[in-house]
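All values derive from a computational prediction rather than experimental measurement.
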Amino acid sequence: MAQLADHDRCLEALETAVSTPDRKISEAQAMEISQAVKAVAMLLSKQTKRNEFGGVYGEVYRRYIITGYKQLPLSQFDDCIGWLNEWRENLESGVF
């Protein structure tokens, strides 16, 4: 199973290198973004006592000028994951 995951990562890296600028993220990458959004939203929800999923997705949409996270251009995937992970880390450490 690990070999398959490594193969998928290598294939995605190769596809990124030769892709067209308007190419969208893969289903696996969409799932990764969904999980990162969930982590941020759950931490925010603990603080605000409200459902924050829509708000986090809204921030993704505004930041990347898209109407759905599956519409994220492949070229912006690393930036999006990095930004969401940084947001989560800041929430975990108490930095807002």
Side-chain angles (χ1 to χ4, degrees):
M1 193 71 168
Q3 280 182 316
L4 184 56
D6 289 341
H7 178 1
D8 285 347
R9 278 193 285 278
C10 289
L11 183 57
E12 284 182 12
L14 180 60
E15 289 172 343
T16 299
V18 297
S19 70
T20 58
D22 61 340
R23 182 161 177 198
K24 306 301 183 224
I25 59 173
S26 69
E27 286 298 318
Q29 290 167 319
M31 180 63 75
E32 195 172 336
I33 289 175
S34 175
Q35 292 301 313
V37 166
K38 178 180 178 181
V40 170
M42 293 193 63
L43 287 168
L44 280 173
S45 293
K46 285 181 183 178
Q47 294 174 2
T48 65
K49 308 296 186 224
R50 296 185 318 228
N51 181 335
E52 296 291 349
F53 283 83
V56 176
Y57 276 114
E59 288 299 316
V60 170
Y61 302 162
R62 279 186 287 282
R63 182 179 177 98
Y64 296 99
I65 312 170
I66 53 178
T67 57
Y69 70 100
K70 291 183 178 184
Q71 296 301 310
L72 184 73
L74 184 58
S75 62
Q76 294 182 318
F77 173 75
D78 289 336
D79 183 75
C80 183
I81 285 295
W83 171 69
L84 287 166
N85 286 336
E86 183 178 342
W87 191 358
R88 177 188 46 78
E89 289 166 5
N90 287 340
L91 288 168
E92 289 173 339
S93 68
V95 177
F96 303 118

Roughly how far, to the nearest 0.5 Å, is the CZ atom of Arg63 from the CG atom of Asp79? 5.5 Å
Mind running side chain to side chain donor-acceptor pair (under 3.5 Å) on Thr48 and Glu52 for me, showing each step along the way? CA-CA 8 Å; Thr48 65; Glu52 296 291 349; 2.7 Å; yes
Which heavy atom of Tyr61 sits nearest to which heavy atom of Tyr69, and what is that distance? CE2-N, 3.3 Å
pair Glu27-Lys70: side-chain heavy atoms closer than 4.5 Å: yes
Indicate yes or no: at least one non-hydrogen side-chain atom of Gln76 is less than 4.5 angstrom from one of Ile25. no
Where Ala39 and Arg88 come nearest, the two heavy atoms and their spacing: CB-CD, 3.7 Å
Interatomic distance, Leu72 atom CG to Gln29 atom CD [nearest 0.5 angstrom]: 8.5 Å
Does some side-chain heavy atom of Glu32 sit less than 4.5 Å from a side-chain heavy atom of Ile81? yes
Do the ring planes of Tyr64 and Trp83 sit parallel (below 30°), tilted (30 to 60°) or perpendicular (above 60°)? perpendicular
Glu92 CD to Asn85 CG distance, which is reported to the nearest 0.5 Å: 9.5 Å
I'd like to check Leu74 versus Ser26 (side-chain heavy atoms, cut-off strictly below 4.5 Å). Are they in contact? no
List, by chain and number, the other hydrophobic cluster members for Phe53, where Ile, Leu, Val, Met, Phe, Trp and Tyr join if side-chain heavy atoms come within less than 4.5 Å, directly or indirectly. Met42
Is there a side-chain contact between Trp87 and Glu59 (heavy atoms, below 4.5 Å)? yes
Close side-chain approach of Val56 to Leu84, heavy-atom, < 4.5 Å: yes
Distance from Lys38 atom NZ to Leu43 atom CG, nearest 0.5 Å? 12.0 Å
Has the side chain of Ser34 got a donor or acceptor atom that lies under 3.5 Å from a matching backbone atom of Ala30? no
